[in-house]
Amino acid sequence: MSHIAQNYLKLIPPADWQQLLKLATEQQSYITSIIENETGPRRKKMARDAYRLFAQTVITRTQPLAEAV
């Protein structure tokens with residue numbers, strides 16, 4: 001998702017992004033708990049890094065989605 005947000009944002013309707021943002025925000029604790037329950041240290045690190053990038057790119061996006069279209 002982070003890659004898509006960085007490179008293909010203009011191709012995805014703002015309503016779809018809004019739906020993803022709503023779900024990601026509502027389920028942030030759940031997603032974090034899944035990552036923290038990972039038993040493999042490498043997989044946990046990779047998941048943490050991926051989620052951190054996702055949060056930076058998608059959840060805490062500063063540019064309004066409507067302007068990206």
Side-chain angles (χ1 to χ4, degrees):
M1 285 297 176
S2 303
H3 174 71
I4 292 170
Q6 290 173 335
N7 299 300
Y8 302 103
L9 184 66
K10 294 178 183 181
L11 301 176
I12 299 170
D16 292 345
W17 279 114
Q18 292 297 338
Q19 185 177 1
L20 174 64
L21 288 170
K22 182 178 183 226
L23 180 63
T25 302
E26 290 173 355
Q27 298 298 320
Q28 195 166 7
S29 295
Y30 177 67
I31 295 166
T32 302
S33 72
I34 291 171
I35 292 169
E36 292 309 310
N37 286 329
E38 175 59 56
T39 56
R42 290 174 95 197
R43 289 174 50 112
K44 184 182 283 189
K45 181 185 182 324
M46 288 173 37
R48 282 178 179 161
D49 291 346
Y51 188 66
R52 185 174 24 259
L53 180 59
F54 172 78
Q56 290 171 347
T57 306
V58 178
I59 297 175
T60 60
R61 181 177 175 76
T62 57
Q63 178 185 7
L65 292 169
E67 290 180 14
V69 175

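Numbers here are sequence positions counted from 1.
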*Kindly write out the residues that satisfy side-chain hydrogen bond (donor to acceptor under 3.5 Å, both in side chains) with Glu38, not counting sequence neighbours, or none if the list is empty.*
Arg43

*Find out if a path of hydrophobic residues (ILVMFWY) with successive side-chain heavy-atom gaps under 4.5 Å connects Leu21 to Tyr30.*
no

*Spacing of Thr39 atom OG1 and Lys44 atom NZ [to the nearest 0.5 Å]*: 8.0 Å

*Pairs satisfying salt bridge (Lys or Arg N to Asp or Glu O under 4.0 Å), at least one member in residues 12-22, at least two apart*: Lys22-Glu26

*Can you pull the side chain to side chain donor-acceptor pair (under 3.5 Å) pairs that have at least one residue in residues 45-56, sequence neighbours excluded?*
Glu36-Arg48, Lys45-Asp49, Asp49-Arg52

_side chain to side chain contact (heavy atoms under 4.5 Å, CB included) involving Ala24 - partner list, sequence neighbours excluded_ = Phe54, Ile59

*Mind checking who shares a hydrophobic cluster with Leu53, ILVMFWY linked at side-chain heavy-atom distances under 4.5 Å?*
none

